[in-house]
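Contents: one structure, followed by commentary.
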Amino acid sequence: MNLKNEIATILAHSIAAAVAEGSFQDDLPGVERKVEYPRDQKFGDYAIPFALESAKLLRKSPMEIGQKLAQYMGSDPRIEKIEVVKPGFINIFLSSGFLFKTMKDIIVQGKEYGRARKENPRRVNIEFVSANPTGPLNIVSARAAAVGDTIANLLEFTGDTVNREFYINDFGNQVLLLGRSVLARIRELRGETVDFPEDGYHGEYIRDIAAQINSQYGEDINEIKEESALIDFVAQKAIEYNVKGQKKDLEKFNVRFQTWFSEKTLHEKDEVMMTLQVLQSRGVVFSEEGKTLFKSTDFDDDKDRVLVRDDGRPTYFLADIAYHNDKMQRGYDLIIDIWGPDHHGHIKRLFGALKAMGLTEDKFKILIAQQVNLLMEGETVKMSKRLGQFSTMRDLIDEIGVDVARYFFVMRSLESHLDFDLTLAKKQSSENPVFYLQYAHARICSLFREADKRGHAYDPELARAEYFDNEESQALMKLLAKFPEEAADAAEKFEPHRITTFLMKVAQGFHKFYTEHRILTEDREMSLAYLTLCGAVRIVMANGLRLLGVSAPEQM
RNA sequence: GCGCCAGUAGCUCAGUGGAUAGAGCAACGGCCUUCUAAGCCGUUGGUCGCUGGUUCGAUCCCAGCCUGGCGCGCCA
């Protein structure tokens, strides 16, 4: 149940009734029938600006329109009262009886509270992280992992079916480069003198991979005589090693992908060249100096892009079109990519190509997660795999823990450039916002342990409404009732940070309630009532934290 | 030069076409004989980058400008 939607429905009915009666005209272009949250609680729980926005078209005063609508919204049991105030807002106050009932429902629903079901769930594919298989995952991947997984959680929670996908770029130049780099380190290990490839991967981790492969596949390496075959062999083993490591790190981060999609298989199955043929048949491809190009200038790009080089090798761009076509052919209703800011320039040409292939672009959604500035001691750390300088996701998890890391990456909107001060995150860990949330949960668990010890009964059905006639309880119950719509909004807009903001408010509401009201007392009926409210808060906190992939500890 | 993102409190950032713009941290002052003080209360702190425009109403939308970050490969 999503209250905000239901208020919107009530509004729609009222307007329809007023139209039927002849008070309003039906056709109101540009006037939204929206429901919003007032800034100040004295203006109620929901506010409707419809009267203000439609006044001009209806040629009536906003107050008059508001009164008319309020009349029709009348007698819903969930609504305590409706006020129409200057300049013409319709303010809606939820009834405390409804809030009380909702609180008890929360406890019945437990883990399911906030979850929505859809009559026609969308099949959603969400691709994220997709780091190159040339080394360990870094901080940028960590943000993508946290954000992507949380969005996937939100979509599942609000009724869609979600497939998490990781695209392995195990094809092209970098594979060769990786192979040469690792092979050079293997030869060093064997005491041979080698020139390390200048444009190779210089990171220390290459030596680890080399040692691993040397001990495991030493004999195979001895047997392969041809240099290019050897490089290829080593490269494949290195990729396997890296992907395995990435998978392990991600699992440690509570992220599990259903699909690991290899770029190489696209080429092997000839999907790349078949995609080229489709594009050719659409007449959007031309040749020039032995190269094949896509006429992307016809699709609002600033220049035409090469699909096949003059030596016959396809570009990444062509493979990417084939990949997105492949996803499309798998029958998804919505295909989400989470990309880094350095890829934003690709959107236009990719969409152009997909459009040229006759694919509807409204099924694709590309989200750009802005960059992460990693700071140490207040100074920016530059990250470059080639130069071997970077902080790995593994290091991050070891330093500050999964909970803090996931929370930090998700607490800001996607478009925000994120400053992540490692030193600060570690040092200030006890004053970290994530602990504030977890503390609320742990505190409640502790209360229940204590209640149990003291022999308090806990039967939410027996809780009585009269104990909640105080500011803290009312405020808290209102927040709890809003969890489903917060989750729905966050999912719909792909804005996971809304959940962190919301949970912050719930935790705040709880801590205040806890300070103001003693829960376990001789007044057993009151204790029962308060425990019921605490139980509902615990469920909302736990469900919200679960969406974020952050643990809800029972004690701290 | 073109494109994307950002510019809101000392710092990191939420937020909204509407009513008195918020949080965390930092600073300062209070609150534990009683259920977890990782908490609560209070104080200090703002030209919502600048200039125009649209609107009954703009921090929010539009245009221009300024500043910062990133991108502008036949790398992936």
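Nothing here was measured: the structure is a model prediction, and the numbers come from that model. When reading the values below, keep in mind they use all heavy atoms of this one structure, side chains included, and skip hydrogens, waters and symmetry mates. Chain letters run A, B, ... following the sequence lines, proteins first, then strands; residues in each count from 1.
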Within the 4.0 Å heavy-atom criterion, would you say [X] contacts the bases, only the backbone, or no part of the nucleic acid?
X	value
A:S527	nothing
A:V308	nothing
A:Q555	base
A:R449	base
A:A451	nothing
A:E288	nothing
A:N91	base
A:D302	nothing
A:H441	nothing
A:L52	base
A:Y514	base
A:A440	nothing

Work out how far the [atom1] atom of [N] is from that of [M], and round it to whole angstrom.
N	M	atom1	answer
B:rG7	B:rC60	P	12 Å
B:rC65	B:rC40	C1'	47 Å
B:rC61	B:rU43	C1'	37 Å
B:rA26	B:rU20	P	32 Å
B:rG46	B:rA23	C1'	15 Å
B:rC28	B:rG45	C1'	12 Å
B:rA37	B:rC31	P	16 Å
B:rU54	B:rC13	C1'	30 Å

Can you tell me how far [atom2] of [N] sits from [atom1] of [X], to the nearest Å?
X	N	atom1	atom2	result
A:Q174	B:rG73	CD	C1'	14 Å
A:L414	B:rA6	CG	C1'	14 Å
A:E486	B:rG15	CD	P	11 Å
A:M504	B:rA38	CE	C1'	12 Å
A:K303	B:rG73	NZ	C1'	7 Å
A:E53	B:rU55	CD	P	16 Å
A:M411	B:rG15	CE	C1'	14 Å
A:F43	B:rA21	CZ	P	12 Å

Please confirm whether the backbone N or O of [Y] pairs with a side-chain atom of [X], one donor and one acceptor, at under 3.5 Å?
X	Y	answer
A:T259	A:E165	no
A:N470	A:S473	yes
A:S296	A:F299	no

Any donor-acceptor N/O pair under 3.5 Å between [N] base and [X] side chain:
X	N	result
A:H344	B:rG3	yes
A:H346	B:rA76	yes
A:H417	B:rC5	yes
A:H497	B:rA14	no

Once the angle between the rings of A:F513 and A:Y530 is folded into 0 to 90°, is it parallel (under 30°), tilted (30 to 60°) or perpendicular (over 60°)?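 If you compare the ring of A:F513 with that of A:Y530, the planes turn out perpendicular.
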
Which atom names give the shortest non-hydrogen contact between A:G312 and A:M273, and what distance separates them?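 Taking A:G312 first and A:M273 second, the nearest heavy atoms are O-CE, 4.3 Å.
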
Its glycosidic angle compared against 90° from 0, B:rC4 adopts the form anti

Please report whether the ring centroid of [Y] lies less than 6.0 Å from that of [X].
X	Y	result
A:F89	A:F43	no
A:F166	A:F128	no
A:H456	A:F448	no
A:F286	A:F294	no

Are A:F89 and the base of B:rA19 stacked, counting only ring centres nearer than 5.5 Å and planes tilted under 30°?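 Taking the rule of under 5.5 Å and under 30°, the ring of A:F89 does stack on B:rA19.
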
With the criterion set at under 5.5 Å between ring centres and under 30 degrees between planes, would B:rA38 be stacked on A:Y436?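 No; by the centre-distance and plane-angle rule, A:Y436 does not count as stacking on B:rA38.
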
I want to confirm an ordering. Mapping A:E289 and A:E415 to their closest nucleotides on RNA chain B, which one lands closer to the 5' end? A:E415

First of A:K512 and A:Y439 reached from the 5' end of RNA chain B, by closest nucleotide: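 So the residue in question is A:Y439.
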
According to a strict under-4.0 Å criterion, is [X] in side-chain N/O contact with OP1 or OP2 of [N]?
X	N	answer
A:Q508	B:rG39	no
A:S413	B:rA14	yes
A:S446	B:rU36	yes
A:K348	B:rG3	no
A:R349	B:rC72	no

Go through it in stages, so that I can follow the logic: the residues are A:K478 and A:D45, the test is salt bridge (charged side-chain N to carboxylate O under 4.0 Å, His left out), and I'd like the CA-CA distance, side-chain angles, deciding distance and then a yes or no. CA-CA 8 Å; A:K478 278 175 187 174; A:D45 301 304; 3.0 Å; yes

Is RNA chain B part of any stem, that is, at least 3 consecutive Watson-Crick or G-U pairs with both distances under 3.5 Å, and where?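 B:1-7 with B:66-72, B:10-13 with B:22-25, B:27-31 with B:39-43, B:49-53 with B:61-65 - these are the stems of 3 or more pairs that involve RNA chain B.
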
Please, which pairs that meet side chain to side chain donor-acceptor pair (under 3.5 Å) have at least one residue in residues 441-453 of chain A, sequence neighbours excluded? A:Y439-A:R443, A:R443-A:H511, A:E450-A:R454

